[in-house]
Enquirer: 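This is the structure, below, for whatever I ask next.
Note that the structure is a prediction, hence the values are computed from the model and not measured.
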Amino acid sequence: MRILVTGGCGFIGSALVLHLVNDLGHDVCTLDAMTYAANPVSLAPLADNPRHRLVEADICDRAAVQKAFADFKPEAVMHLAAESHVDRSITDPGAFVRTNVIGTQTMLDGARGHYETLPEAQKKAFRFLHVSTDEVYGSLPPDAFFTEESRYDPRSPYSASKAASDHLARAWHETYGLPVLVTNCSNNYGPRHFPEKLIPLMILNALEGKKLPVYGDGLNERDWIHVEDHARGLVAVLERGRIGETYLLGGRAVRNNLAVVKALCAAFDRLRPQGAPHEQLISFVADRPGHDRRYAIDCTKAETELGWRPQKTFEQALEETVAWYLGNEGWWRPIREGRYKGERLGLNG
C-alpha cells in the first residue's frame with residue numbers, strides 16, 4: 001500500500017513510519033514541515049530504503065500538499081502532523097490554530113481532490129485517517145473513562161484546535177463523502193520523544209542531576225500508551241476500521257503524574273544508581289493554567305472490532321524507555337543543547 005503520512009518526523013509519526021516500512025513493507029511518503037519538534041534522525045534507519053521518501057513541506061501550503069498527492073498518488077493518508085504541547089499553546093495559540101485547523105483543512109481538501117480522480121475500485125479502498133487526542137473531551141471525574149460517545153469539552157488552546165480538526169474531518173466525510181476515520185489516543189511514551197513532554201523531560205533532567213518539576217500536587221491522572229502500541233492501533237484502524245467511525249486508543253495504564261515520576265526514579269536507581277535515590281530530585285512547581293485533572297480511555301471498541309490490544313506493560317516499557325535515552329545520547333543531546341534546554345513553558349500566556 002502507498003501511504004502518505006504527515007508529521008512523520010515527529011514522535012508518534014516516526015514510530016508509525018518505521019512500523020509501516022520496516023515491519024509491514026508499505027511504501028510511505030513522509031510529509032513534514034521540520035518544525036522544532038521534528039527530528040529527521042528518527043527516520044535515519046530508512047535513509048537508503050526505496051520504500052520511503054521524505055518531503056519537507058508545510059501542511060498549510062496548499063500547493064505543496066497538492067503536489068505531494070499528485071507525485072506520490074497515495075492509497076491512504078495518515079494525518080498526524082500537529083502542534084501538540086499544551087504549554088506552548090498557552091503562550092502561542094495562533095500557531096496551533098494555523099497548523100491543527102487550517103493545516104487539517106488543507107490536507108482534507110488535498111485528499112478530496114485526489115480521491116475524486118480515482119477509479120471506482122480505488123475509491124472504495126482509499127482511506128483518510130485523522131489522528132487526534134483524548135484531550136478534546138476535557139477533564140474526567142474520578143474513576144470515569146472516555147468512550148467514543150463522550151462529549152467534546154476542550155479546555156486548552158491545544159485541545160480546542162484538535163477538537164476543531166476532528167469536526168472538520170467528520171464534516172468532510174459527511175459533506176463530501178471522503179472516507180474518513182478518526183482516532184483519539186491517550187498520552188504516548190517511548191523512544192524518540194521530544195523532551196518538552198513529561199517523561200522525556202524527567203529522564204533528561206535525572207540524567208543531568210537536575211530537579212524533576214512536578215506540576216501542582218502531581219495527582220493529575222493520565223492514561224499512558226506506548227508509542228509502538230499506538231502505531232499498531234493506527235494501522236488496525238486504517239485496515240479494519242469502519243468508514244466514518246471514531247476509535248479510541250489507550251494503554252489501560254492510568255497513572256498520576258507523581259506516580260510516573262517516581263517510577264522513572266526507581267528505573268534510574270536500577271539502571272544508573274547514585275549515592276542517593278533519584279526521588280530526592282522531585283520538586284513541586286506552580287500548576288499549568290487550566291490543567292485537566294483526569295484523562296482515561298475505554299478502548300473496548302477498538303479491541304472488540306479490530307482485534308487490537310496494547311501489548312506493553314507500563315512499568316517495564318517505562319524502564320525500557322529510560323534505557324533507550326541512556327543509550328542514545330546522539331539523538332537527544334543536540335536537542336538539549338540547541339532548540340530546547342528544558343525550560344518551563346506556558347506560564348506567560
Side-chain angles (χ1 to χ4, degrees), residues 84-91 133-147 150-160 162 184-190 193-206 210-227 230 248-269 276-299 310 312-319 321-322 342-349:
S84 66
H85 189 39
V86 175
D87 287 358
R88 288 183 187 267
S89 81
I90 295 169
T91 303
T133 172
D134 60 357
E135 298 192 34
V136 298
Y137 300 118
S139 190
L140 283 166
D143 301 322
F145 292 84
F146 297 131
T147 71
S150 293
R151 180 174 67 93
Y152 272 54
D153 188 22
R155 309 291 187 90
S156 71
Y158 163 58
S159 58
K162 287 300 291 183
N184 299 85
C185 71
S186 59
N187 281 36
N188 282 236
Y189 70 101
H193 200 173
F194 191 81
E196 65 187 358
K197 301 294 180 71
L198 176 67
I199 287 177
L201 176 64
M202 296 299 167
I203 290 173
L204 298 190
N205 276 15
K210 295 181 177 179
K211 292 292 186 182
L212 309 180
V214 176
Y215 289 176
D217 61 9
L219 300 183
N220 300 73
E221 295 178 319
R222 300 292 182 263
D223 182 7
W224 293 93
I225 183 172
H226 193 275
V227 68
H230 187 197
L248 268 56
L249 302 174
R252 296 197 179 276
V254 178
R255 305 286 190 279
N256 67 53
N257 290 343
L258 183 58
V260 170
V261 176
K262 287 184 174 181
L264 282 168
C265 289
F268 264 97
D269 290 342
H278 284 82
E279 273 195 30
Q280 71 176 9
L281 297 173
I282 293 175
S283 65
F284 293 91
V285 300
D287 205 356
R288 165 192 289 162
H291 197 181
D292 289 339
R293 195 62 170 173
R294 173 180 166 85
Y295 305 145
I297 276 180
D298 179 351
C299 49
K312 300 281 189 178
T313 301
F314 181 73
E315 279 72 21
Q316 179 181 346
L318 188 67
E319 185 158 327
T321 301
V322 172
E343 64 272 17
R344 176 75 189 269
L345 303 168
L347 283 180
N348 62 342

Enquirer: Please say whether the positively charged group of R252, taken as NZ for Lys or CZ for Arg, lies over the ring of F145, i.e. under 6.0 angstrom from the six-membered ring centre and within 45 degrees of the axis.
Expert: no

Enquirer: Hey, could you give me the OG/NZ distance between S283 and K210, rounded to the nearest 0.5 Å?
Expert: 13.0 Å

Enquirer: Compare every heavy atom of D223 with every heavy atom of A253, then report the nearest pair and how far apart it is.
Expert: N-OD1, 2.9 Å

Enquirer: Heavy atoms, side chains only, cut-off 4.5 Å: are Y189 and H226 in contact?
Expert: yes

Enquirer: Are S139 and R155 close enough that some pair of their side-chain heavy atoms sits under 4.5 Å apart?
Expert: yes

Enquirer: Taking C-beta and beyond as the side chain, do K262 and I282 meet within less than 4.5 Å on heavy atoms?
Expert: yes

Enquirer: Can you name the nearest heavy-atom pair linking V322 to A267, along with the distance?
Expert: CG2-CB, 4.1 Å

Enquirer: Using the six-membered ring wherever Trp is involved, compare the ring planes of Y137 and Y152 and label them parallel, tilted or perpendicular (cut-offs 30° and 60°).
Expert: perpendicular

Enquirer: Please find the pair of heavy atoms, one from D269 and one from A276, that lie closest to each other, and give the distance.
Expert: OD1-O, 4.5 Å

Enquirer: For residues 279-289, which residue pairs qualify under salt bridge (Lys or Arg N to Asp or Glu O under 4.0 Å), counting only residues two or more places apart or in two chains?
Expert: D87-R288

Enquirer: How long is the straight-line distance from CG of L219 back to CG of L258, given to the nearest 0.5 Å?
Expert: 6.5 Å

Enquirer: Of all heavy-atom pairs between G250 and P310, which one has the smallest distance, and what is that distance?
Expert: O-CG, 3.6 Å

Enquirer: If I compare all heavy atoms of L248 with all of C299, which pair ends up nearest, and what's the gap?
Expert: O-CB, 3.3 Å

Enquirer: Check whether any side-chain heavy atom of V86 lies under 4.5 Å from a side-chain heavy atom of E135, and answer yes or no.
Expert: yes

Enquirer: If you look only at pairs with a residue in residues 195-205, which of them pass as a side chain to side chain donor-acceptor pair (under 3.5 Å), with sequence neighbours excluded?
Expert: Y36-E196, S84-K197, R88-E196, N205-R336

Enquirer: Side chains of T133 and Y158: does their closest heavy-atom pair fall under 4.5 Å?
Expert: yes

Enquirer: Under the rule for salt bridge (Lys or Arg N to Asp or Glu O under 4.0 Å), what residues qualify as partners of D217, not counting sequence neighbours?
Expert: R293

Enquirer: How long is the gap from CD1 on I225 to CZ on F314, to the nearest 0.5 Å?
Expert: 12.0 Å

Enquirer: Would you mind reporting whether H291 and N257 have side-chain heavy atoms less than 4.5 Å apart?
Expert: yes

Enquirer: Measuring only between side-chain heavy atoms, which start at C-beta, is W224 closer than 4.5 Å to L318?
Expert: no

Enquirer: Between atom OG1 of T147 and atom CG of D298, what is the distance when rounded to the nearest 0.5 Å?
Expert: 7.0 Å

Enquirer: For a quick test of reading the model, state the closest non-hydrogen atom pair linking F146 to R294 and the distance between them.
Expert: CZ-O, 4.3 Å

Enquirer: Quick one: sort the H278 and F268 rings into parallel, tilted or perpendicular, breaks at 30° and 60°.
Expert: tilted

Enquirer: Side chains of V285 and Y215: closer than 4.5 Å at any heavy-atom pair?
Expert: yes

Enquirer: Roughly how far apart are D292 CG and E221 CD, rounded to 0.5 Å?
Expert: 12.5 Å

Enquirer: Could you measure the distance from the CG atom of L201 to the CZ atom of R344? Nearest 0.5 Å is fine.
Expert: 10.5 Å

Enquirer: With side-chain contact (heavy atoms from CB on, under 4.5 Å) as the test, would you mind laying out the steps for L249 and I297 before giving the verdict?
Expert: CA-CA 7 Å; L249 302 174; I297 276 180; 5.9 Å; no

